[in-house]
Amino acid sequence: MKTLVILAHPDINHSNVNKRWKEELEKYPNDIIIHELYEEYPDWNIDIAKEQQLLESNDFVILQFPVYWYSYPPLLKKWLDDVFTHGWAYGSNGNKLKGKKIGMAMSIGDKEENYSHTGSVGFSADEIITPFKATAAHIGAIALPYFSVFRASFQISSEEVEQSANDFIKYISKYK
Ligand SMILES: Cc1cc2nc3c(=O)[nH]c(=O)nc-3n(C[C@H](O)[C@H](O)[C@H](O)COP(=O)(O)O)c2cc1C
């Protein structure tokens, strides 16, 4: 069984973390499918049938993205809106994602210590992903613990980026 990584970065060529994660994923073509939304859909016209087929064929899905305004980049949100349809993902006959494992790999710009009730963000990273967890619950999917790296915006060293790329692969192996 392969791991399907839905990668959503609006400007991957100028990315530091997600670009490196993608390069690491590319080392495992027999095990990992990288599905890059901004490359696949430059016009944002999502092929819903194709996306649903891809999800139906894979039981382990990871959403990989940089955190933008404590949420998904917009094309990933549109992908969720378009693809997780009534009668397919939810509703009385919508059970196509039921029991599938869904994880998230997020690069987070700010420091980890700021993601707390007393920190400048005021919320933990786990609280930020509440919409993801509620979505998974609604469609009967299994929401895995998220994978992340903090300080992705500016203070992260190249060694830490390398380490996070290796840790991302370990995360995939752990939950596969
Ligand atoms: C439009 C925009 C919104 C952002 N919002 C947040 C945010 O809400 N919280 C945060 O910690 N970082 C935020 N960042 C920083 C990004 O998370 C960070 O630049 C990204 O994770 C770095 O990954 P990359 O090297 O792959 O681009 C934002 C960046 C941009 C461009």
Side-chain angles (χ1 to χ4, degrees), residues 1-10 12 15 17-42 44-67 71-73 75-108 125-126 128-149 152 161-176:
M1 188 194 61
K2 289 193 176 187
T3 302
L4 173 63
V5 177
I6 305 293
L7 169 53
H9 194 298
I12 194 81
S15 150
V17 175
N18 285 274
K19 188 177 175 189
R20 179 65 192 86
W21 288 1
K22 180 187 162 188
E23 287 165 2
E24 199 62 26
L25 298 174
E26 285 172 339
K27 293 179 181 172
Y28 306 91
N30 294 329
D31 301 312
I32 298 173
I33 301 167
I34 307 167
H35 189 56
E36 218 177 329
L37 296 184
Y38 280 91
E39 185 187 74
E40 188 85 19
Y41 300 113
W44 289 37
N45 192 10
I46 294 171
D47 183 338
I48 296 169
K50 180 179 168 183
E51 298 300 310
Q52 291 182 338
Q53 182 56 51
L54 196 57
L55 288 166
E56 285 179 34
S57 316
N58 292 282
D59 293 332
F60 182 26
V61 182
I62 295 174
L63 310 179
Q64 180 195 327
F65 57 94
V67 168
S71 185
Y72 310 109
L75 187 55
L76 180 55
K77 177 59 168 57
K78 185 177 191 293
W79 180 86
L80 289 163
D81 295 352
D82 288 1
V83 178
F84 288 18
T85 52
H86 182 265
W88 184 82
Y90 70 99
S92 49
N93 297 317
N95 60 1
K96 293 288 195 289
L97 299 173
K98 193 172 178 188
K100 290 186 187 282
K101 291 183 283 187
I102 308 184
M104 292 205 297
M106 308 180 284
S107 63
I108 302 176
D126 203 52
I128 298 299
I129 65 160
T130 299
F132 164 74
K133 290 194 276 190
T135 300
H138 196 72
I139 61 176
I142 300 160
L144 300 176
Y146 65 88
F147 173 77
S148 68
V149 71
V161 175
E162 286 305 305
Q163 184 64 52
S164 72
N166 292 329
D167 290 345
F168 185 17
I169 298 298
K170 286 185 196 145
Y171 168 85
I172 291 173
S173 307
K174 180 176 177 183
Y175 289 107
K176 197 170 176 180

Decide yes or no for [X] and [Y]: does some side-chain heavy atom of the first lie under 4.5 Å from some side-chain heavy atom of the second?
X    : Y    : value
Y175 : T3   : no
I102 : I139 : yes
D31  : K2   : no

Can you name the nearest heavy-atom pair linking F132 to L144, along with the distance? CE2-O, 4.3 Å

Do other residues, nucleotides or ligands put more than 12 heavy atoms under 6.0 Å from the CG atom of N166? yes

Looking at K176, I want to see if its NZ is surrounded by more than 12 non-hydrogen atoms of other residues, nucleotides or ligands under 6.0 Å. yes

Salt bridge check, E24 against R20: does any charged N sit closer than 4.0 Å to a carboxylate O? yes

Test side chain to side chain contact (heavy atoms under 4.5 Å, CB included), reference L7, set H35, K19, Q64, E40, output is Q64

Point-to-point distance, once rounded to the nearest 0.5 Å, from CD1 of I6 to CZ of F65: 12.5 Å

Could you label the plane-to-plane angle of the Y171 and F168 rings as parallel, tilted or perpendicular, counting under 30° as parallel and over 60° as perpendicular? tilted

Pairing residues for E39 by the side chain to side chain donor-acceptor pair (under 3.5 Å) criterion, not counting sequence neighbours: none

Tell me if the centroids of the rings in W21 and F147 come within less than 6.0 Å of each other. yes

